[in-house]
Protein chains: 2
Amino acid sequence: MLSFLYTGLMNAPRTARERARAELTREILATARRQLGEVGAPGLSLRSVARDLGMASSAVYRYFASRDELLTALLIESYNEVGEAAEGADRPKAVPENRWIGVWNGVRNWALANRHEYALLFGTPVPGYAAPHLTTEIAARMPLTLARIVADAKRGNGLRPYTGPECDPSAIDPAMLVLLEEGAFTVEETARLILAWNRLVGIIGYELHGHLNNVTADDAAFFDYAARAEGANLGLAFD
Amino acid sequence: MLSFLYTGLMNAPRTARERARAELTREILATARRQLGEVGAPGLSLRSVARDLGMASSAVYRYFASRDELLTALLIESYNEVGEAAEGADRPKAVPENRWIGVWNGVRNWALANRHEYALLFGTPVPGYAAPHLTTEIAARMPLTLARIVADAKRGNGLRPYTGPECDPSAIDPAMLVLLEEGAFTVEETARLILAWNRLVGIIGYELHGHLNNVTADDAAFFDYAARAEGANLGLAFD
DNA sequence: GAGGATGCAAGAGCGGTGCTCTCGTTTCTG
DNA sequence: CAGAAACGAGAGCACCGCTCTTGCATCCTC
């Protein structure tokens with residue numbers, strides 16, 4: 001399971017063989033990533049990756065046990081990238097409202113530049129392929145960035161009071177309350193944070209998949225509206 | 001283009017051959033639909049459909065020009081079904097708040113019972129496959145059901161005032177204002193309706209694709225919360 | 001340093017896919 | 001009734017994921 005993680009890439013290579021193995025593993029990953037960006041996950045073929053590298057397709061199986069494992073490697077890589085995009089777009093010294101908009105746009109910009117990678121992360125999972133459990137903590141980087149901003153706002157000037165419908169506490173997994181900024185949030189706030197994260201991912205997917213064609217005229221402006229509306233729903237003070 | 005629409009199924013069959021053609025077209029579609037429900041769109045194979053029907057794979061091409069065209073037929077079928085599910089769940093004589101919740105749950109229930117069909121409609125599009133323009137009006141049935149409820153509420157007791165961020169009017173396609181209940185809504189309301197539709201589809205997709213694992217504890221309760229929150233955002237009067 | 005164990009690349013092969021072409025046969029139509 | 005059109009079946013092409021065998025290079029140990 002996930003053989004590529006434990007040979008060559010993680011441990012420092014000792015022998016020439018291990019060095020060559022790590023090198024080739026990286027090359028395979030790089031070519032696969034390039035092809036993913038061009039033709040998308042369904043079109044990614046282990047054989048064509050092998051062709052690009054001038055090697056027999058069977059040889060690739062020494063590095064990745066299956067096409068799914070290769071896809072998992074790209075999944076991890078992409079999760080880290082979108083996490084970095086979110087964290088990198090955050091300006092901790094700015095006011096929470098601007099940080100919020102910045103992170104939303106950061107994620108959107110990464111998605112626009114990496115459409116197929118985004119689809120791999122947040123799109124329809126390929127039937128028969130279950131993402132390994134390991135990825136959940138990497139996947140949390142992006143939503144945690146959002147949570148941090150709201151937590152900072154709460155600790156700072158406070159959040160505006162919420163007057164909308166209430167969420168049944170049993171709906172939320174108790175572990176989430178702990179995970180998000182170590183209990184800085186109420187159940188109600190946690191529920192709205194989950195919704196906000198869900199909506200950020202959803203609206204970008206809509207834009208990317210063409211579902212907003214003939215619906216919106218200016219996708220960036222509509223996205224900005226969604227970002228502000230979502231931030232306001234959490235108690236951030238826009239306008 | 002879309003040959004299956006114009007032979008046999010639409011026009012009334014006149015000769016025995018045309019009748020047989022319409023019959024076989026329906027059988028192909030039915031087995032394809034069954035396989036779609038079992039293995040999902042990526043696993044749907046024209047050859048295996050032919051095998052199930054005891055015919056040569058090449059014969060199927062006389063009825064559907066390509067796998068994509070077969071998928072398009074299933075797409076249209078599914079769009080109509082989810083539209084019917086939404087419309088069928090609406091109780092026009094009930095109060096708008098209950099109608100709203102009912103339609104949301106109607107769509108969710110259809111999605112839970114037809115996961116792969118839902119993924120085909122709202123999931124990641126297969127690269128290289130563009131849904132034909134024809135489907136857009138069929139696709140509008142579900143969001144229009146939502147719009148109708150809000151429009152009725154607006155004409156009735158009115159909507160609660162909205163105090164959140166405003167949407168740049170240029171973000172919305174002007175045609176949408178006309179499409180939605182023939183101009184019953186302001187730009188602001190239209191923007192929130194689009195968001196609500198987007199969020200309904202998004203949260204169901206999240207639940208279906210397992211992204212809510214370890215996040216929510218009771219998916220139905222969380223969905224109910226999302227439905228109420230979204231209705232309230234549009235000015236419906238919950239609680 | 002020699003020799004056995006291990007890692008590795010390549011090729012052939014299996015069963016699957018979408019799709020095309022040809023070749024008889026059936027069915028409709030003028 | 002004869003020509004035209006539609007049809008089913010089969011072979012074939014190029015691709016896919018994946019497995020197995022074969023021969024060679026490298027590494028480790030004695």
Note to self: If you compare every side-chain N and O of B:Tyr61 against the phosphate oxygens of D:dC7 (OP1, OP2), does one of them come in below 4.0 Å?
What the structure shows: no
Check: Once you round it to whole Å, what is the distance between P of D:dA5 and CZ of B:Arg62?
Finding: 14 Å
Check: Do any side-chain nitrogens or oxygens of A:Arg21 fall under 4.0 Å of OP1 or OP2 in C:dC8?
Finding: yes
Next item on the list: Would you mind reading off the distance between B:Arg19 atom CZ and C:dC28 atom C1', rounded to a whole angstrom?
Entry: 13 Å
Check: Should the pair B:Tyr79 and B:Phe122 be assigned to parallel (<30°), tilted (30 to 60°) or perpendicular (>60°) ring geometry?
Finding: perpendicular
Check: Salt bridge between A:Glu207 and A:Arg108, side-chain N to carboxylate O under 4.0 Å?
Finding: yes
Next item on the list: Let me know the distance between CZ of B:Arg67 and P of D:dC16, rounded to the nearest Å.
Entry: 16 Å
Check: Under 4.0 angstrom, heavy atoms only, what part of the nucleic acid is A:Arg47 near: base, sugar-phosphate, or nothing?
Finding: base
Item checked: Protein-nucleotide distance (A:Leu46, atom CG; D:dC15, atom P), rounded to Å -> 16 Å
Check: If you look at every strand shown and take non-hydrogen atoms under 4.0 Å, does A:Leu24 touch a base, only sugar-phosphate, or nothing?
Finding: sugar-phosphate
Check: Choosing from D:dG8, C:dG18, D:dG10, which nucleotide comes nearest the side chain of B:Ser58?
Finding: D:dG10
Notebook entry, point to check: In whole Å, what is the span from the CD atom of A:Glu23 to the C1' atom of C:dA9?
Noted result: 17 Å
Next item on the list: Write down the distance between OH (B:Tyr63) and P (C:dC19), rounded to a whole number of angstrom.
Entry: 18 Å
Note to self: Can you identify which nucleotide, out of D:dC16, C:dT6, C:dG18, has its nearest atom closest to the A:Arg17 side chain?
What the structure shows: C:dT6
Check: Should A:Ser45 be listed as having a side-chain N or O under 4.0 Å from OP1 or OP2 of D:dG17?
Finding: yes
Notebook entry, point to check: Given atom CD of A:Gln35 and atom C1' of D:dC16, what is their separation to the nearest angstrom?
Noted result: 13 Å
Checklist line | Sugar-phosphate only, base, or nothing, as touched by B:Ala16 at under 4.0 Å among non-hydrogen atoms | finding: sugar-phosphate
Checklist line | Whole-Å distance separating the CE atom of A:Met55 from the P atom of C:dG7 | finding: 16 Å
Margin query: Between B:Arg33 and B:Glu38 (salt bridge meaning N to carboxylate O under 4.0 Å), is one present in this structure?
Written below: no
Item checked: B:Arg141/B:Glu81 salt bridge by N-O under 4.0 Å criterion -> no
Note to self: From the set C:dC28, C:dT17, C:dG18, return the single nucleotide nearest to any side-chain atom of B:Thr15.
What the structure shows: C:dC28
Notebook entry, point to check: If you take all heavy atoms of B:Ile194 and B:Ile172, which pair is closest and at what distance?
Noted result: CD1-CD1, 3.9 Å
Next item on the list: Respond yes when some side-chain nitrogen or oxygen of B:Arg51 is under 4.0 Å from OP1 or OP2 of C:dT17, and no when none is.
Entry: yes
